[in-house]
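Numbered from 1 within each chain, the chains take letters A, B, ... in sequence-line order.
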Protein chains: 2
Amino acid sequence: MHDTASAAGPRAAATTTRTATQTPPHTASKSEQAYAAVKARIVDGTYSPGYRLVLAKIAEDLGVSVVPVREAIRRLEAEGLVKFERNVGATVAGIDPTEYLYTMQTLSIVEGAATALSAPLIGPADVARARAVNAEMRDCLEHFDPVRFTALNQDFHSVLFEHCPNPHILDLVHRGWNRLASLRSSTFRFVPGRAHDSVAEHEALLRLIESGAGADEIEKAARLHRSATLDAYLAQSNAGSLSAH
Amino acid sequence: MHDTASAAGPRAAATTTRTATQTPPHTASKSEQAYAAVKARIVDGTYSPGYRLVLAKIAEDLGVSVVPVREAIRRLEAEGLVKFERNVGATVAGIDPTEYLYTMQTLSIVEGAATALSAPLIGPADVARARAVNAEMRDCLEHFDPVRFTALNQDFHSVLFEHCPNPHILDLVHRGWNRLASLRSSTFRFVPGRAHDSVAEHEALLRLIESGAGADEIEKAARLHRSATLDAYLAQSNAGSLSAH
DNA sequence: GAGTACGAAATCGTATACGAAAACTATCGC
DNA sequence: GCGATAGTTTTCGTATACGATTTCGTACTC
């Protein structure tokens, strides 16, 4: 729903048990602050892939010491947004096409599962909302607004998987999206032809969900939807030199 | 030199060559050391769920300062092996049955995918090895050796998914197994009936792979294999502790 | 006797400091 | 002119120190 907010906040659901009222104090530690700040800059493209993340420099920018910054960077490394090299430093990760492939493949699997698990919990109101978003995406195609299209695309899929009852899977989906966000902002271009197909597939997905289709069927469709995006990228990527397999 | 515009570093942008995933040229940092040590103690059960991980204490035990220990703990938290509470401390995670369910469900998905992706790369030698392991597991059933059975079970599945060409997925599988290891060592008991079925399913899986079955079919079988284990746990859990709060 | 207030102890969070490793630059030898 | 080498600089890795927060124990009041 909320662009950066949702992207930056898949945290809470991680390992929280049901322990009721605990730690109401979200005073925001320096470490959290640094984590959120750096992550936001990576996802929104301020720090693009290859950007060198110097601890001392970031610490100064944020007005904290290097210790919390280091912690934040290591956390981002664990999420795959940052590449860390011993005694050398951290850089924003993501230019490698191989990594893109890995990420997309992984996302197709976990997102497919998340969507299938969500499906039974998706109500008419959700479908209506998704449909509205998809309509806006169609407009973006006509007016050629790739940036907005991309943002709406995330909103659309959020509706599909946000009800996933398994927080672990949901977290994996969020991580995948975050990685893609950092990648997309630089290397990987918008492919109009694919975008057009994508909108049509969205509608098909919604119909499938409305029809109360089985989990297997929904999972398969969601997977294929993403695989198709990957294939489009590969085709474009190979178009110049190599022959498409 | 002026590093203010270090965005496009000279050789930094060259990305990774093929340095795999480890740091062979170095000597093992304190942080890595602490991470490995604590993780090992959690997985092998020395630190069982609920155990309080006091930074200063662990630091002293390992002969390092608290900083690397803290980093190690946070990493373990990200992997779900440790629960961390602000200004309070860290404890070994894992007793919650709900978390067990989440973990198993997630693992069924990623492990199924990893197995399916591995299948085409599994050769006769691998199958033979897996079969030998499975035979040993059968022996363990007769002599009732749950500990060894569990270890062999991991060996068996390792053969199935270790060839997975997508390192991200493989990593997720490993994380799942680690979580289970920490859980299994305490709360979750060995279920003989289920173990017997499990061995039979292993053989069926091997036959499926030998037959060159499609990825979908293998994935489904691998998923069901794990789901069955989960179901067995749930059945036992419901039977044993009726209305256990 | 139960509940509350206060204080001591334990533990975490973060700042600062310094040694170590790597990268960069300049110099030397051929 | 080019490659190897030593010195300098940058940046990380970790130890230590101290303030902040929570927890636990004790005494006090009703």
field: Residue list, side-chain contact (heavy atoms from CB on, under 4.5 Å) with Ser118(B), at least two apart or on another chain
entry: Ile122(B), Phe161(B), His163(B), Cys164(B)
query: What's the CZ-C1' distance between Phe84(A) and dC12(D), to the nearest Å?
result: 7 Å
Partner of Arg179(A) under side-chain contact (heavy atoms from CB on, under 4.5 Å), chosen from Glu79(A), His174(A), Glu99(A): Glu99(A)
- request: Determine, step by step, whether Arg75(A) and Glu32(A) satisfy the salt bridge (Lys or Arg N to Asp or Glu O under 4.0 Å) criterion, reporting the C-alpha distance in whole Å, the side-chain angles of both residues, the deciding distance to 0.1 Å, and the verdict.
  value: CA-CA 10 Å; Arg75(A) 232 170 108 185; Glu32(A) 290 282 339; 3.5 Å; yes
query: Atom CG of Leu53(A) and atom P of dT11(D): how far apart are they, to the nearest Å?
result: 12 Å
- prompt: With the sugar-phosphate defined as primed atoms, P, OP1 and OP2, and the base as all remaining atoms, what B/S/- string results for nucleotides 14-21 of chain D, 5' to 3', for protein heavy atoms under 4.0 Å?
  reply: SBB----S
- prompt: Any side-chain donor-acceptor pair under 3.5 Å between Ser29(B) and Arg86(A)?
  reply: no
field: Distance in angstrom units between Arg52(A) CZ and dT11(D) P, rounded
entry: 6 Å
message: Under the criterion salt bridge (Lys or Arg N to Asp or Glu O under 4.0 Å), I'd like the reasoning laid out for Arg74(B) against Glu77(B): C-alpha separation, chi angles, the key distance, then a yes or no.
response: CA-CA 5 Å; Arg74(B) 298 297 302 237; Glu77(B) 183 202 13; 3.3 Å; yes
statement: Lys83(A) NZ to dC12(D) P, in whole Å, measures 14 Å
- prompt: Whole Å only: how far is the CG atom of Leu55(B) from the P atom of dT22(D)?
  reply: 16 Å
query: So Val92(B) and Leu53(B), side chain to side chain contact (heavy atoms under 4.5 Å, CB included) or not? Walk me through it.
result: CA-CA 7 Å; Val92(B) 177; Leu53(B) 298 166; 4.1 Å; yes
